[in-house]
Enquirer: 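Below you will find the structure I want to go over with you.
What you see below is based on every heavy atom in this structure, not just the backbone, and it leaves out hydrogens, waters and symmetry mates. A, B, ... follow the sequence lines: proteins, then strands. Residue 1 opens every chain.
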Protein chains: 2
Amino acid sequence: MASSSRRPKTRAQPHVAPTVDLSAVIMAATPDEPRVLTVRATPQQPDGLPSGPLQSEHRTLEMGLRTWVAEQTQLTLGYVEQLYTFGDRDRTEADASGAGHALSIAYLALVREARPAGLAHAAWRNWYSYLPWEDWREGRPKALDVIKPRLKVWARAGGKPLRQLREERIELTFGFEAEGWSDERVLERYELLFEAGLVPEALRDTQPPVPSKVRLAPGLPMALDHRRILATAIGRLRGKIKYRPVIFELMPASFTLLELQKTVEALSGVRLHKQNFRRLVEVQGLVEETGEVTTETGGRPARLVRFRREVLIERPAPGVRLPRLR
Amino acid sequence: MASSSRRPKTRAQPHVAPTVDLSAVIMAATPDEPRVLTVRATPQQPDGLPSGPLQSEHRTLEMGLRTWVAEQTQLTLGYVEQLYTFGDRDRTEADASGAGHALSIAYLALVREARPAGLAHAAWRNWYSYLPWEDWREGRPKALDVIKPRLKVWARAGGKPLRQLREERIELTFGFEAEGWSDERVLERYELLFEAGLVPEALRDTQPPVPSKVRLAPGLPMALDHRRILATAIGRLRGKIKYRPVIFELMPASFTLLELQKTVEALSGVRLHKQNFRRLVEVQGLVEETGEVTTETGGRPARLVRFRREVLIERPAPGVRLPRLR
DNA sequence: CATATTTATGCTCGACTAGAGCATTATACG
DNA sequence: CGTATAATGCTCTAGTCGAGCATAAATATG
């Protein structure tokens with residue numbers, strides 16, 4: 001934006017140029033595991049997301065991202081969508097000094113190949129190693145047994161009005177009592193834990209340094225604010241699979257209905273009713289027969305199906321709906 | 001992002017610092033008109049959105065935005081949400097030169113006061129003066145009579161495969177044939193018109209300069225890529241009112257159910273079934289009685305209601321659902 | 001003042017959707 | 001051949017959604 005007269009003042013004020021990074025949450029999935037591609041500088045450092053500075057030879061932001069990812073991970077991205085721009089001046093240790101802003105424009109990318117990312121410093125990780133409370137496939141995650149009492153303590157720490165606000169927010173995001181679990185509120189949950197000081201990222205710059213590890217929520221930390229970005233991406237993807245057939249960006253060319261269901265379950269973190277899931281997929285016309293079957297599944301052979309690209313034109317909002325959890 | 005070892009190369013490459021602007025789509029609404037706050041440098045220039053450069057004294061992006069808006073429009077923003085970051089190097093005339101990137105981080109803000117924005121250079125405008133094809137409240141907008149044949153011509157201009165792709169995309173976004181109108185695809189429609197060369201913004205830098213005005217779609221242009229940003233904001237808001245009670249950010253403290261309905265219609269651009277709308281609002285518990293009635297509506301006096309803030313805690317996804325249009 | 005007009009509001013009916021579970025079929029394996 | 005494991009077909013029920021009829025309570029009008 002190079003215009004002028006609309007802003008009479010401050011044009012000439014001290015203005016440290018911000019640095020702009022492009023970062024990518026690259027996701028893949030098997031029927032069992034939702035994965036994210038992480039990179040690590042040294043074995044001691046926490047995992048991070050592939051990222052790199054925006055450069056003037058990048059024609060578009062998205063192309064800059066693709067360039068960086070190709071260089072760092074040898075991956076050619078398919079589906080890419082912008083997530084959010086993070087840029088609070090105090091978002092990292094280094095920037096609290098008051099230098100310029102460090103912006104990070106985060107993208108969500110979906111890929112099919114889940115091969116072990118040949119490079120030594122890059123690896124596919126299960127989402128839930130970073131956010132273990134998000135996986136309800138085996139029932140209520142145990143991480144919540146730790147989180148719940150600590151959130152209660154945090155809520156009680158304030159005065160009455162603050163306390164009630166906090167309790168309502170806890171109920172709204174984690175649904176411990178009546179509410180029930182809402183699979184999409186991933187970011188809200190992470191931010192609540194952050195504010196409550198239950199993730200190490202929140203304590204990095206505090207004085208005195210890091211209290212005992214016992215007080216933290218389970219789950220691996222990530223570099224900078226990358227765990228927040230990951231939470232943003234998971235929430236977005238969980239929402240999106242319900243009204244757009246993005247799930248197929250993660251599936252192989254042909255698959256069984258159970259594989260599709262398991263993959264959806266892995267992403268959304270909840271279990272689904274098998275027959276109803278099939279009915280939904282069939283009536284929506286999301287898939288078509290390949291004519292082949294596979295016996296590798298155990299019991300009765302399963303038909304192999306493929307995604308029907310035509311639904312993109314036929315239906316305004318095809319996607320895989322999910323049930324509520326209580 | 002100030003990390004290091006994850007990106008071995010290109011750290012020292014030519015790297016013109018990008019400029020970062022914060023821009024705001026500030027919306028208000030009456031039961032009849034959805035409005036956006038625009039600013040104009042000179043009477044000759046097209047309308048633009050309030051915006052200003054990110055500065056190092058801004059602690060967070062959102063606070064920077066609020067500061068700029070307060071300065072340019074005297075408004076104190078309430079609800080604010082980040083929309084998208086625009087930043088293709090060729091997004092404006094000035095930047096095509098290959099200087100640095102001009103990023104624009106766009107925000108959506110909702111305000112109640114729709115007073116005439118005291119300042120001479122700022123004004124509230126009806127959304128649909130910029131995007132007239134988005135208003136279906138009085139039936140199919142006439143703008144489409146112009147747009148449809150021109151899009152057909154554009155589709156036919158390519159070879160067979162390209163042509164089919166274009167026709168499918170037209171159908172998907174505008175739903176001329178079977179599909180029907182989808183109120184949320186505002187951005188997709190604008191971008192299609194842009195690609196088809198039907199909006200003047202698309203022709204600004206072309207050689208030879210601007211062909212006859214007769215070839216364009218109706219609707220006022222805006223500065224830079226601001227009409228694209230507006231389209232993004234409208235699409236986002238139309239989606240959001242369906243699952244979050246953001247509509248109340250635009251309503252006065254108390255209102256009648258018909259006023260609420262009319263406002264939703266103004267935003268979504270479609271007409272709703274009165275009795276069903278009321279049923280929905282009632283069963284969702286979105287409002288409560290104030291005890292007062294108003295006779296200003298014409299016929300039988302209407303109850304005045306107010307928003308019930310409690311629903312934010314009670315219901316996971318309250319919002320105003322809309323019907324399909326065929 | 002009676003009547004038309006306008007808006008608010010209550011209620012019902014039918015089509016469709018979603019959640020749950022029973023029943024049957026087709027393989028592999030011992 | 002019986003059993004385990006999936007895949008698949010089908011039904012029942014409650015709830016939601018779209019549409020429209022009917023009634024109530026004001027104002028406008030002749």
Enquirer: Taking CZ from A:Arg271 and P from C:dA20, how many angstroms apart are they, rounded to a whole number?
Expert: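 In whole Å, C:dA20 P and A:Arg271 CZ are 15 Å from each other.
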
Enquirer: Do A:Arg279 and D:dG9 share a donor-acceptor pair, side chain to base, under 3.5 Å?
Expert: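 When only heavy-atom distances are counted, A:Arg279 does not reach the base of D:dG9 through any donor-acceptor pair under 3.5 Å.
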
Enquirer: Between C:dG21, C:dA18, D:dC21, which nucleotide gets closest to the side-chain atoms of A:Leu280?
Expert: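 Looking only at heavy atoms from C-beta outward on A:Leu280, the closest nucleotide is C:dA18.
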
Enquirer: Check the distance between C:dT7's C1' and B:Glu259's CD and give it to me in whole angstrom.
Expert: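 Whole-Å distance recorded here is 12 Å.
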
Enquirer: Rounded to the nearest 0.5 Å, what separation is found between the CG atom of A:Leu267 and the NZ atom of A:Lys240?
Expert: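 Here the interatomic distance stands at 14.0 Å.
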
Enquirer: Would you say a side-chain N or O of B:Arg303 is under 4.0 Å from OP1 or OP2 of C:dT9?
Expert: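 Indeed, a polar side-chain atom of B:Arg303 lies that close.
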
Enquirer: What's the CG-C1' distance between A:Leu260 and D:dT8, to the nearest Å?
Expert: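 Spelled out: CG on A:Leu260 to C1' on D:dT8 is 16 Å.
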
Enquirer: Report yes if some heavy atom in the side chain of B:Val287 is under 4.5 Å from a heavy atom in the side chain of B:Arg306; otherwise report no.
Expert: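 B:Val287 vs B:Arg306: side chains apart.
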
Enquirer: What about A:Arg278, does its side chain sit under 3.5 Å from the base of D:dT8 through a donor-acceptor pair?
Expert: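 Under the 3.5 Å cut-off, the side chain and the base do not form any donor-acceptor pair.
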
Enquirer: Return the nearest nucleotide to the side chain of A:Arg300; candidates are D:dA7, D:dC17, C:dA8.
Expert: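 Shortest atom-to-atom distance from the side chain points to D:dA7.
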
Enquirer: Rounded to whole angstroms, how far apart are NE2 on A:His273 and P on D:dC10?
Expert: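 The distance from NE2 of A:His273 to P of D:dC10 comes to 16 Å, rounded to the nearest Å.
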
Enquirer: Between B:Phe277 (CZ) and C:dA8 (P), how many Å, whole number?
Expert: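 Taking CZ of B:Phe277 and P of C:dA8, I get 12 Å after rounding.
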
Enquirer: When you compare the side chains of A:Glu188 and A:Tyr190, does any donor N or O come within less than 3.5 Å of an acceptor on the partner?
Expert: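 A:Glu188 vs A:Tyr190: no donor-acceptor pair found between side chains.
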
Enquirer: Do A:Arg140 and A:Trp133 meet the cation-pi criteria used here (NZ or CZ under 6.0 Å from the six-membered ring centre, within 45° of the axis)?
Expert: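 Output no; distance or angle outside limits.
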
Enquirer: Please tell me which of the listed nucleotides, C:dT9, D:dT8, D:dA25, lies nearest to the side chain of B:Pro301?
Expert: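 The answer is D:dA25, which lies nearest to the side chain.
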
Enquirer: Under 4.0 Å: is that the gap between some side-chain N or O of B:Lys274 and OP1 or OP2 of C:dT9?
Expert: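 No, no such contact exists.
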
Enquirer: CD of B:Glu282 versus C1' of C:dC11: gap in Å, rounded?
Expert: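 Value for this atom pair: 14 Å.
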
Enquirer: Could you tell me whether a side-chain N or O of A:Arg236 sits under 3.5 Å from a main-chain N or O of A:Tyr84, the two making a donor and an acceptor?
Expert: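 A pair under 3.5 Å: no.
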
Enquirer: Find the distance B:Asn276:CG to C:dA15:P and express it as a whole number of Å.
Expert: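 In whole Å, C:dA15 P lies 16 Å from B:Asn276 CG.
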
Enquirer: Does A:Gln275 or A:Thr295 map to a spot on DNA chain C nearer the 5' end, using the closest nucleotide for each?
Expert: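 So the residue in question is A:Gln275.
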
